[in-house]
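The analysis underlying the following values was restricted to heavy atoms, covering all of them including side chains, and did not include hydrogens, waters or symmetry mates. To find a chain, count down the sequence lines: A is the first, B the second, and so on, and within it residues start at 1.
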Amino acid sequence: MKPEFGITSDAWTSGNPGIGGARVTDLKGNQLDFHNTPATELHSNNFFELLGISLAVRYALKNGIKVVYTDSQTAMAWVRNRMPGKNVKMDRDMLIARANLIADRCEKYGIEIKKWNTSEWGEIPSDYGRKSGGKKVA
RNA sequence: ACAU
DNA sequence: AAATGT
Ligand SMILES: [Mg+2]
Ligand SMILES: [Mg+2]
């Protein structure tokens, strides 16, 4: 069933690797937080998905929220393992530090990170809507 | 294959 | 079509 409680995060990039950012919304899509990184820094899509989770968990612990949804299987695994797989070279040290901070905060505050089931529920509310390029009129 |  | 990941 589509969730009734919790907040959501999602990422955007221009290119992959590329510039990008992430945002946090409630389940209605109201924006609660966001961060876009400097346009001179290129990172992977998954880097930004993890950034989104970090923003969401920070918001959650300050606001008594216990569930954070993401659509990123990869970023969820990074938090669970407290690190990315050994083949991930780009931003590795940053990713380890961030995954550990998220995992520590989740443990301390009892926050759960759950998978948003896009195939059943549609796009996550925090999605940027960049994938469906508008219907072609002309 | 699955998730982006 | 290409790239990032488990
Ligand atoms: Mg996403
Ligand atoms: Mg999206």
Side-chain angles (χ1 to χ4, degrees):
Chain A
M1 281 289 281
K2 208 160 165 181
E4 303 160 62
F5 307 104
I7 58 176
T8 83
S9 65
D10 198 22
W12 69 272
T13 73
S14 179
N16 183 26
I19 66 170
R23 73 172 170 184
V24 180
T25 75
D26 63 20
L27 294 174
K28 299 178 175 181
N30 298 304
Q31 182 161 296
L32 304 174
D33 197 9
F34 71 97
H35 179 64
N36 296 319
T37 65
T40 53
E41 301 178 3
L42 304 188
H43 304 284
S44 72
N45 62 326
N46 298 314
F47 172 99
F48 292 111
E49 294 282 8
L50 187 70
L51 173 62
I53 293 174
S54 75
L55 295 175
V57 168
R58 186 178 68 182
Y59 183 92
L61 70 87
K62 284 186 348 188
N63 291 278
I65 288 159
K66 294 300 180 187
V67 183
V68 167
Y69 286 93
T70 175
D71 65 20
S72 174
Q73 188 181 104
T74 296
M76 285 185 75
W78 290 358
V79 174
R80 187 175 62 245
N81 299 329
R82 293 178 172 262
M83 69 179 73
K86 66 183 180 186
N87 281 4
V88 176
K89 298 304 187 181
M90 180 180 315
D91 299 315
R92 185 172 189 84
D93 290 359
M94 270 264 304
L95 295 175
I96 291 171
R98 187 162 281 160
N100 270 294
L101 179 59
I102 293 167
D104 286 342
R105 285 174 168 174
C106 285
E107 187 166 292
K108 177 168 181 177
Y109 293 94
I111 295 163
E112 282 184 289
I113 298 171
K114 295 189 171 181
K115 180 67 175 69
W116 181 266
N117 192 335
T118 303
S119 64
E120 290 184 9
W121 306 336
E123 283 277 15
I124 195 166
S126 44
D127 180 54
Y128 286 86
R130 297 186 167 216
K131 278 201 298 256
S132 75
K135 197 171 298 190
K136 290 168 193 155
V137 172

Colleague: Using whole Å, what does the distance between atom P of nucleotide B:A3 and atom CH2 of A:Trp121 come to?
Modeller: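 That distance rounds to 13 Å.
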
Colleague: Taking only the side-chain heavy atoms of A:Asn16 (C-beta and beyond), determine which of B:U4, B:C2, C:dT4 contains the nearest atom.
Modeller: C:dT4

Colleague: How would you label the contact of A:Asn45 with the nucleic acid (heavy atoms, under 4.0 Å): base, sugar-phosphate, or nothing?
Modeller: base

Colleague: What's the closest nucleotide to the side chain of A:Asp71 if the choices are C:dA3, B:U4, B:A3?
Modeller: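 Looking only at side-chain atoms, A:Asp71 lies closest to B:U4.
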
Colleague: If you compare every side-chain N and O of A:Ser44 against the phosphate oxygens of C:dG5 (OP1, OP2), does one of them come in below 4.0 Å?
Modeller: yes

Colleague: Looking just at side-chain N and O atoms, do A:Asp10 and A:Trp116 make a donor-acceptor pair shorter than 3.5 Å?
Modeller: no

Colleague: What closest approach, in Å, do A:Met90 and A:Leu95 show between heavy atoms, and which atom pair accounts for it?
Modeller: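 Result for this residue pair: O-CD1, 3.6 Å.
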
Colleague: Could you give the OH-to-P distance, from A:Tyr128 to B:U4, as a whole number of Å?
Modeller: 16 Å

Colleague: Considering just the side-chain nitrogens and oxygens of A:Thr118, establish if one lies under 4.0 Å of OP1 or OP2 belonging to B:U4.
Modeller: yes

Colleague: So, A:Thr8 versus A:Thr25: side-chain donor-acceptor pair below 3.5 Å or not?
Modeller: yes

Colleague: What integer distance in Å separates A:Asn46:CG from C:dA3:P?
Modeller: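 Atom-to-atom, A:Asn46 to C:dA3, this comes out as 15 Å.
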
Colleague: Can you check whether A:Lys86 has a side-chain N or O nearer than 4.0 Å to OP1 or OP2 of C:dT6?
Modeller: no

Colleague: Mind calculating the distance between CG (A:Asn117) and P (B:U4) to the nearest angstrom?
Modeller: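 For the pair A:Asn117 CG and B:U4 P, the rounded distance is 8 Å.
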
Colleague: Measure the OG1-CG distance between A:Thr13 and A:Asn36 for me, rounded to the nearest 0.5 Å.
Modeller: 11.5 Å

Colleague: Output yes when at least one side-chain N/O atom of A:Trp78 is less than 4.0 Å from OP1 or OP2 of C:dG5, else no.
Modeller: no

Colleague: In whole Å, I'd like the distance from the CG atom of A:Leu42 to the P atom of C:dA2.
Modeller: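 Taking atom P of C:dA2 as the reference, CG of A:Leu42 is at 20 Å.
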
Colleague: Over how many whole Å does the gap from A:Leu51 atom CG to C:dT4 atom P extend?
Modeller: 18 Å

Colleague: Would you kindly give the CE-to-C1' distance between A:Met90 and C:dT4, to the nearest whole Å?
Modeller: 8 Å

Colleague: Rounding to an integer number of Å, can you tell me how far A:Phe47 CZ sits from C:dT4 C1'?
Modeller: 13 Å

Colleague: Between C:dT4, C:dT6, B:U4, spot the one nearest the side chain of A:Glu49, thanks.
Modeller: B:U4

Colleague: Does the side-chain hydrogen bond (donor to acceptor under 3.5 Å, both in side chains) test come out yes or no for A:Asn117 and A:Ser119, once each step is laid out?
Modeller: CA-CA 6 Å; A:Asn117 192 335; A:Ser119 64; 2.9 Å; yes

